[in-house]
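Bear in mind that the values here come from a model prediction, so they are computed numbers and not experimental data. Lettering of chains follows the sequences in order, A, B, ..., and the numbering in each one begins at 1. Only this structure's heavy atoms are used, side chains among them; waters, hydrogens and symmetry mates stay out.
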Amino acid sequence: MSRYNFAQTEAKWQRRWRESGVFRVAAQRGRPKYYVLEMFPYPSGKLHVGHIRNYTMGDLVARYRRAQGFNTLHPMGWDAFGLPAENAAIASGVHPAGWTLDNIRTMREELQRMGFAYDWSREIATSDPEYYRHEQKMFLEFLKAGLAYRKESWVNWDPVEMTVLANEQVIEGRGWRSGALVEKRLLAQWFLRITAFADELLEALAGLDRWPERVRVMQENWIGRSQGARVHFELVGKGESVEVFTTRHDTLFGASFLALSPNHPLSLRLAEKDPELAAFIAECNRLGTSEAVIEAAEKRGYRTGLEARHPLDERRRVPLYVANFVLMEYGTGAVFGCPAHDERDLEFARKYGLPVIPVVLPAGEDPARFAIGETAFVGDGVLYNSEFLNGLSVEAAKQAVAERLEALGRGRATTVYRLRDWGVSRQRYWGTPIPVIHCETCGIVPVPEEDLPVTLPQDVRFDTAGNPLDRHPTWKHVPCPSCRKPARRETDTLDTFFESSWYFLRFCSPRAADAFTAEDARYWMPVDQYIGGVEHAILHLLYSRFFTRALRHCGYDLDFDEPFAGLFTQGMVCHQTYQTSEGEWLFPEEVRSEESGRLVDPRGRPVMAGRLEKMSKSKKNIVGLERIVETYGADTARLYLLSDSPPERDLEWTEAGIEGTWRYVNRLWRMVSAPPLPLPPPGAAPPSALGPQLEPFRRQIHKTIAAVTDDLDKFRFNRAVARIRELSNALEELPLEAPGAASLLRFGLETLCRLLSPMMPHLAEEMWEALGGKGLLAAEPWPKAEPALLRDEEVTIAVQVNGRLRATLMMPRDAARPEVEQAALALPQVARWLDGRAPKKTVVVPNRIVNIVG
RNA sequence: GCGGACGUGGCGGAACGGUAGACGCAGCAGACUUAAAAUCUGCUUCCCCUUCGGGGAGUGCGGGUUCGAUUCCCGCCGUCCGCACCA
């Protein structure tokens with residue numbers, strides 16, 4: 001008996017699947033569909049085991065749904081634009097396109113060696129002009145619809161690289177690669193008007209019942225809707241007013257100051273004539289982003305000397321400050337302070353000696369005595385000290401104030417959002433060119449549709465800083481499509497999140513002349529099960545939700561709003577990290593354990609074992625997929641990734657764990673390659689009646705089918721694996737001498753194959769074939785449990801005395817209460833623990849438990 | 001600070017309010033073997049009495065509801081994640 005030859009077997013079945021085209025699908029109207037999608041990868045080089053956990057889960061779902069009869073779409077492609085390709089170009093002179101294609105080739109091979117059931121005929125790469133031409137068209141349509149626009153915006157500018165950096169690329173105020181101090185620059189940038197859909201995106205979250213709660217909460221916070229009012233405060237003697245945003249307009253009569261953001265236009269204007277204020281503003285800006293957190297506690301303000309009139313009481317005036325805690329980016333960049341009912345305002349008021357006027361009285365307090373001490377009162381109560389609002393609740397007062405303000409023309413109820421429009425401009429080469437032309441006469445002119453795609457020039461150099469498109473000698477010089485005068489192309493490219501915002505649609509019609517066809521999208525969309533990392537909880541998922549709506553708004557024929565009906569966010573794969581005493585990271589395979597247990601590196605230097613962390617290249621704690629597949633095979637890796645932890649939690653990759661799985665793979669193979677007794681030919685009907693020895697085994701097979709099916713439906717893959725292992729344990733204990741054992745064993749093994757096939761498809765096919773199965777197991781239906789066999793004829797009933805387990809009892813299923821009770825009371829253990837007392841009460845839970853209280 | 005999740009053996013983890021620790025990893029003992037690997041069998045939450053067997057404690061801590069709580073409620077402690085001067 002030889003060991004299971006995974007290398008040969010896996011190659012064999014991969015070939016058969018490919019040749020038979022089983023995983024190729026086409027829309028078939030009237031047939032139920034299922035669309036499984038894993039977040040497509042960026043082709044960064046090689047895969048490690050951390051990458052493939054979600055593909056393994058996706059493949060399990062795809063194969064399982066297929067077996068259940070769904071026409072299952074399971075595509076794969078490449079998020080192929082992005083910075084690493086350019087970094088590689090800068091570092092080693094390779095062209096981003098070649099680098100990317102090489103990586104795609106490697107990674108495609110690696111995925112194919114894993115045996116994933118993708119429809120490879122639908123493969124796409126977003127860097128392909130055949131892909132991005134459609135998104136250039138989308139961009140132009142957004143432009144036409146007013147959903148894309150250009151405006152000046154502050155960006156992180158790296159003066160050495162001469163490029164804009166994303167926030168994540170700024171580390172402690174410096175460019176991540178150049179180390180240069182990042183400057184804030186005002187640059188004209190392209191934006192998508194995602195805020196136009198803020199309400200819709202927020203409200204539709206409630207309907208995403210197959211999304212994780214926390215992702216919905218994160219998106220909700222990100223959109224950050226807050227309902228309040230805009231209020232105008234007229235500046236005394238200035239003939240202008242300041243507009244503030246507040247959610248507590250009910251407390252307007254408690255106002256004791258007004259505060260502007262240091263970047264508020266009025267602050268800047270005032271600073272022109274007030275050097276002290278200018279210095280204060282400069283100081284606020286210097287504190288900037290990262291240090292602001294540290295200094296958070298300190299609220300500081302600068303008193304401008306101006307005063308504002310209270311909008312509801314002409315006689316009252318409040319001082320105007322410029323304060324460091326007011327953000328220009330939120331609301332109107334100005335606030336009014338009501339210290340009695342806001343913690344931050346109270347801190348500010350105490351510091352600058354401003355009045356604290358309570359206007360909301362907590363229930364049960366005496367208005368004559370109530371005073372604000374250390375903390376502001378932010379709860380509900382009844383208004384007082386507030387003229388026409390006195391006696392109203394907070395809610396009623398808000399409404400009354402809004403109405404009054406509106407009547408006076410000094411404000412109105414309004415809603416603001418934390419969400420900003422999506423800046424899509426990148427001063428980068430390796431991305432989709434933004435298809436517009438700048439003409440001195442005509443302004444911004446869209447590239448005519450017949451001229452799409454605007455493709456990237458191949459002859460670019462990365463040896464100097466800045467955007468190669470901008471430096472290219474000819475590329476940007478084109479005649480204006482409108483007036484024919486010399487003009488220049490936009491040299492910014494699109495954020496790569498643009499590509500991933502609609503790729504799921506392209507997969508429906510990957511070779512269509514248009515971005516997608518309405519028929520295909522109607523049939524396949526929405527994605528039934530989307531699987532990916534929680535790190536995309538906000539941006540990618542929100543952008544995709546926005547895109548779906550925006551495309552529809554622009555006339556694309558889509559009959560749904562939400563692209564992803566079900567979302568699952570899987571945990572990361574972690575591994576121990578290793579470091580030398582000099583702090584140098586080591587790959588796991590570089591670390592050797594001496595006999596003493598001491599860890600050393602290849603040169604014998606001591607190594608410290610660090611904490612478990614997410615596999616990443618930087619910490620070198622990665623386990624290469626290639627080595628694992630060569631040592632244990634794809635199936636072993638797949639099963640291990642599914643079995644060791646619940647899918648939503650992090651998984652620790654250990655060599656011992658994969659070894660254990662490998663032993664199980666061999667055990668399974670032995671069970672069919674060398675069965676303990678000759679099996680009847682396939683297709684022979686199992687005996688209808690089995691003796692009492694075998695009957696429980698038959699029931700267990702059916703129970704396993706039911707349990708595994710339920711577990712897979714609920715994404716409890718680790719439990720499903722445990723059930724399957726229980727079944728294989730049971731099949732090894734089958735009483736072989738009992739009549740019908742061979743036939744039952746065949747049934748058990750065939751069931752095992754079917755249940756295993758989504759997890760370990762190659763092994764399952766090989767086992768199936770060894771059992772004499774005809775055709776591909778991948779084309780076989782999912783097994784069905786016989787409902788009658790899921791319930792036992794005889795049940796074990798736990799017997800408790802005063803809530804403590806004292807004995808168990810075998811009874812026929814659904815035995816009558818008195819019978820069970822009597823049987824329990826007759827037990828010697830019960831008599832012993834009752835110790836002569838009469839039972840006061842007996843609780844009987846049918847088929848489960850008897851509790852005797854005495 | 002706000003919001004969310006989580007806390008069970010040496011480890012990963014199972015348990016519709018009903019026999020806590022399924023399944024696996026690691027460990028220990030044994031069988032097979034000249035030997036090793038592989039394989040197989042048994043044991044493995046802790047403590048106590050012990051021959052069989054039995055008893056007690058136990059799911060972060062403290063309370064509560066219940067015949068019965070890992071599960072539900074209240075209050076702490078801890079870990080992780082997200083957001084954070086949001087007006």
Quick one: does NZ or CZ of A:Arg344 land under 6.0 Å from the six-membered ring centre of A:Phe325, within 45 degrees of the ring axis?
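Because its charged atom misses either the 6.0 Å distance or the 45° angle limit, A:Arg344 does not stack over A:Phe325.
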
Between [Y] and [X], is the closest basic N to carboxylate O distance under 4.0 Å?
{"X": "A:Arg716", "Y": "A:Asp710", "result": "yes"}
{"X": "A:Arg670", "Y": "A:Glu732", "result": "no"}
{"X": "A:Lys703", "Y": "A:Asp792", "result": "yes"}

[N] phosphate, OP1 or OP2: any side-chain N/O from [X] under 4.0 angstrom?
{"X": "A:Arg649", "N": "B:G13", "result": "yes"}
{"X": "A:Arg806", "N": "B:G56", "result": "yes"}
{"X": "A:Asn729", "N": "B:G24", "result": "yes"}
{"X": "A:Arg344", "N": "B:C86", "result": "yes"}
{"X": "A:Asn221", "N": "B:C2", "result": "no"}

Please encode protein proximity along nucleotides 39-54 of chain B as a string of B, S and -, counting only heavy-atom distances under 4.0 Å.
SS-------------S

How long is the line joining [atom1] of [X] and [atom2] of [N], in whole Å?
{"X": "A:Glu659", "N": "B:C11", "atom1": "CD", "atom2": "C1'", "value": "17 Å"}
{"X": "A:Asp345", "N": "B:C86", "atom1": "CG", "atom2": "C1'", "value": "12 Å"}
{"X": "A:Tyr417", "N": "B:A87", "atom1": "OH", "atom2": "P", "value": "14 Å"}
{"X": "A:Arg723", "N": "B:G24", "atom1": "CZ", "atom2": "P", "value": "12 Å"}

Need one value for A:Val853: base, sugar-phosphate or nothing, where a base atom within 4.0 Å counts as base even if backbone is also close, heavy atoms only.
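Sugar-phosphate contact only - A:Val853 comes under 4.0 Å of backbone atoms but never of a base.
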
So if I take every side-chain heavy atom of [X] and compare against [options], which nucleotide ends up nearest?
{"X": "A:Arg214", "options": "B:G82, B:C81, B:G24", "result": "B:C81"}
{"X": "A:Thr246", "options": "B:C23, B:A87, B:G12", "result": "B:A87"}
{"X": "A:Lys299", "options": "B:C85, B:G13, B:G56", "result": "B:C85"}
{"X": "A:Arg418", "options": "B:A84, B:A22, B:A26", "result": "B:A84"}
{"X": "A:Ile849", "options": "B:C67, B:U19, B:C23", "result": "B:U19"}
{"X": "A:Gln800", "options": "B:G24, B:G55, B:G18", "result": "B:G18"}

When rounded to the nearest Å, what value does the distance between [atom1] atoms of [N] and [M] take?
{"N": "B:C81", "M": "B:C76", "atom1": "P", "answer": "23 Å"}
{"N": "B:A22", "M": "B:U33", "atom1": "C1'", "answer": "34 Å"}
{"N": "B:C85", "M": "B:C16", "atom1": "C1'", "answer": "47 Å"}

Within the 4.5 Å heavy-atom criterion, are A:Leu567 and A:Leu208 side-chain neighbours or not?
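Answer no - side chains too far apart.
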
Taking A:Arg723 for the side chain and A:Thr704 for the main chain, is one N or O donor matched with an acceptor at less than 3.5 Å?
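Not at all, since once roles are kept as given, no pair shorter than 3.5 Å links the two residues.
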
Checking the side chain of A:Asn621 only, and the main-chain atoms of A:Cys574 only, is there a donor and an acceptor separated by less than 3.5 Å?
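No, the answer is negative, given that no donor and acceptor are paired below the 3.5 Å cut-off.
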
Ring pair (Phe, Tyr, Trp, His ring centres under 6.0 Å) partner of A:Phe257, chosen from A:Tyr302, A:Phe348, A:Phe336:
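Going through the options one by one, the only one that passes is A:Phe348.
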
Side chain of A:Asn851, base of B:C67: donor and acceptor closer than 3.5 Å?
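Flag set: donor-acceptor pair detected.
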
Answer yes or no: side-chain N or O of A:Lys841 and base N or O of B:C67 forming a donor-acceptor pair under 3.5 Å.
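A donor-acceptor contact between them is absent.
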
Base of B:G9 relative to its sugar, syn (within 90° of 0) or anti?
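Classified syn.
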
